Amino acid sequence: MKQQDNQRFFSAELLRWYRKERRDLPWRRSRDPYHIWVSEIMLQQTRVDTVIPYFHRFVDRFPTLSQLAEAPEDEVLKHWEGLGYYSRARNLQSAAREVVERYGGEVPRTKQEVSGLKGVGPYTTGAILSIAFDQPEPAVDGNVMRVLSRYFCLDDDIARPSTRISMEDRAQALIPEGEASDFNQALMELGAMVCTPKSPDCPACPVSLHCEGRHQGRERELPVKTKAKKAKPVFRFAVIVEGKGAHAGKVLVRQRPDTGLLAKMWELPHVEVSDEGTWDNPAAGALMLEEALTEEGVRIRAADEVIGEAQHIFTHLVWKIKVLAAEAQEEAYVADRTAYRWIGPEDFEDYAWPNVFRKLLTEYFIHAIHHEAR
DNA sequence: AAATCGGGGCG
DNA sequence: CGCCCAGATTT
């Protein structure tokens with residue numbers, strides 16, 4: 001079979017399959033480019049099932065692009081809480097504001113303009129242009145690279161940026177005239193539902209007849225991808241500082257810096273220690289916490305008893321955290337330090353927390369309320 | 001090209 | 001436990 005015939009077969013059969021099997025997803029019920037944009041940002045490195053409830057809450061609170069642009073940043077971050085990769089939320093709002101200022105509030109339709117928006121890279125540019133505006137641009141994500149690697153039996157390492165470029169050329173050549181929106185979604189849908197990473201369901205695949213990877217019996221070993229490095233452990237002591245006097249029943253928390261890991265999220269005060277040996281010595285942790293918080297203008301007395309332990313797994317590192325208890329020594333501190341705040345259970349939901357601190361604080365408040373009730 | 005950026009689900 | 005997910009940005 002000629003290559004062009006094979007490509008036509010692939011596109012036609014995939015489209016036919018998609019129109020019958022496509023999932024009913026919230027963002028597929030909307031033609032609003034803004035809604036499609038929001039969904040694509042949320043779906044970066046994040047599963048469909050995880051995104052669905054977040055998408056509903058987000059478009060319910062920020063139904064239009066201008067409402068997102070006008071919202072307080074804290075509230076946008078709060079609606080992203082637990083979804084991860086929080087720079088996505090800040091970039092999305094920043095880009096929404098740019099669209100209001102530069103494009104009159106309408107999502108632009110050119111490749112140059114769309115790809116210039118913050119948080120919108122090669123994949124998302126193609127996704128917005130094709131899904132929202134039916135333009136014949138490729139949208140190559142992990143699903144698409146897996147499907148194409150198998151169908152054409154390609155050994156290119158999909159971890160390499162150059163591979164994504166060549167995949168985009170192939171993907172674009174496969175788009176049927178006037179069908180960019182459905183075709184690009186079909187390609188991803190096949191990767192998500194049939195041509196899955198571990199155990200592809202070839203009998204259910206609409207294009208298995210001419211799949212070269214399957215012909216060669218290599219569908220399970222493709223795509224080729226270099227392995228990621230293992231996450232390194234980082235040892236930390238966190239502290240729950242119980243307030244006194246006017247701050248009785250409250251706990252000291254702080255906001256993370258504007259950039260970097262978990263930017264602008266809230267957390268328990270904590271310090272990093274150099275090695276696991278120090279981490280096994282709570283007395284050393286108590287001293288380090290007292291010193292570190294003194295630097296910040298907060299006087300505390302920490303006990304050397306571990307009252308909680310938690311682990312937070314990131315892609316490139318693992319936080320191992322032991323939690324100590326402490327009492328505030330004075331009352332008039334941290335007043336002029338906006339990064340630190342006293343909060344009680346009633347304030348908890350006003351702040352955006354990484355999962356690990358949400359869990360630790362929830363446990364503490366539940367325990368404290370129990371204790372008080374007796 | 002490599003590192004940085006979350007969190008969860010699954011074999 | 002390792003791998004991957006509708007990736008983008010920074011270095």
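The model shown is predicted, which means the values in this text are computed figures rather than measured ones.
Side-chain atoms of A:Arg47 and base atoms of C:dC4 include a donor and an acceptor less than 3.5 Å apart. Side-chain to base pairing of A:Thr46 with B:dG6: one donor and one acceptor N or O lie within less than 3.5 Å of each other.
In this entry the distance linking CG of A:Leu222 with C1' of C:dC4 reads 16 Å, nearest Å. Nucleotide B:dG6 holds its C1' atom 6 Å from the NE2 atom of A:His312, rounded to whole Å. C:dC5 atom C1' lies 15 Å from atom CD1 of A:Ile41, rounded to whole Å. As a whole-Å value, the separation of A:Tyr54 OH from B:dG8 C1' is 10 Å. In this entry the distance linking OH of A:Tyr85 with P of B:dT4 reads 12 Å, nearest Å. Regarding A:Lys229, its NZ atom lies at a distance of 17 Å from the P atom of C:dC4, rounded to whole Å. If you take NZ of A:Lys227 and P of B:dA2, they are 16 Å apart, rounded to a whole angstrom. Distance, A:Arg90 CZ to B:dG6 C1': 14 Å, rounded to whole Å.
Between A:His247 and A:Trp342, the distance separating the two ring centers is shorter than 6.0 angstrom. Taking the six-membered ring for Trp, A:Phe357 and A:Trp266 have ring centres at least 6.0 Å apart.
Comparing A:Val120 and A:Asn143 by the nucleotide of DNA chain C that holds the closest heavy atom to each, the one mapping nearer the 5' end is A:Asn143. Each of A:Ser162 and A:Val356 was assigned the nucleotide of DNA chain B with the nearest heavy atom; the assignment lying further toward the 5' end belongs to A:Ser162.
Relative to the side chain of A:Lys198, the nucleotides C:dC4, C:dC3, B:dG7 differ in distance, and C:dC3 lies closest. When each of B:dT4, B:dG6, C:dA6 is scored by its nearest atom to the side-chain atoms of A:Thr315, the top-ranked nucleotide is B:dG6. Of the candidate nucleotides B:dG6, C:dC4, B:dA1, B:dA1 has the atom lying nearest to any side-chain atom of A:Pro161. Candidate nucleotides B:dA1, C:dC5, C:dG7 were compared by shortest atom distance to the side chain of A:Tyr123, and C:dG7 ranks first. Distances from the side chain of A:Thr124 to the nucleotides B:dG6, B:dT4, C:dG7 place C:dG7 closest. Set against B:dA1, C:dA8, B:dC5, the side chain of A:Pro122 has C:dA8 as its closest nucleotide.
At a threshold of 4.0 Å, the pair A:Asp280-A:Lys322 counts as salt-bridged, since one of the basic side-chain nitrogens sits closer than that to a carboxylate oxygen.
Here A:Asn91 does not reach the OP1 or OP2 of B:dC5: none of its side-chain N or O atoms lies under 4.0 Å away. At C:dG7, one or more side-chain N or O atoms of A:Gln45 fall inside 4.0 Å of OP1 or OP2 (strictly under the cut-off). Remark: A:His316 is not in phosphate contact with B:dT4, judged by side-chain N or O atoms under 4.0 Å from OP1 or OP2. At the phosphate of B:dG7, OP1 or OP2 sits under 4.0 Å from a side-chain N or O atom of A:Tyr86. Residue A:Arg146 has a polar side-chain atom (N or O) positioned under 4.0 Å from OP1 or OP2 of C:dC5.
A:Leu222 forms part of a hydrophobic cluster together with A:Val224, judged by ILVMFWY side-chain heavy-atom separations under 4.5 Å.
Annotation: C:dT11 and B:dG6 have their P atoms spaced 15 Å apart (nearest Å). The separation of B:dG9 from C:dA8, taken at their P atoms, amounts to 23 Å, rounded to a whole angstrom. Nucleotides B:dA3 and C:dA6 place their C1' atoms 23 Å apart, quoted to the nearest Å.
A:Trp27 comes within 4.0 angstrom of a base, heavy atoms only. Residue A:Gly260 is classed as a sugar-phosphate contact, given heavy-atom separations below 4.0 Å to backbone atoms only. Residue A:Arg164 is out of contact with every strand shown, counting any heavy-atom pair closer than 4.0 Å. Among the protein residues, A:Leu25 comes within range of the nucleic acid bases, having at least one heavy atom under 4.0 Å from a base atom.
Between the side chains of A:Gln216 and A:Glu212, at least one donor-acceptor pair of N or O atoms lies under 3.5 Å. Defined by atom type and a distance below 3.5 Å, a donor-acceptor pair is missing between the side-chain atoms of A:Thr125 and A:Glu137.
For the salt bridge (charged side-chain N to carboxylate O under 4.0 Å, His left out) test with A:Glu267, the passing option among A:Lys359, A:Arg341, A:Arg256, A:Arg236 is A:Arg256; the others fail.
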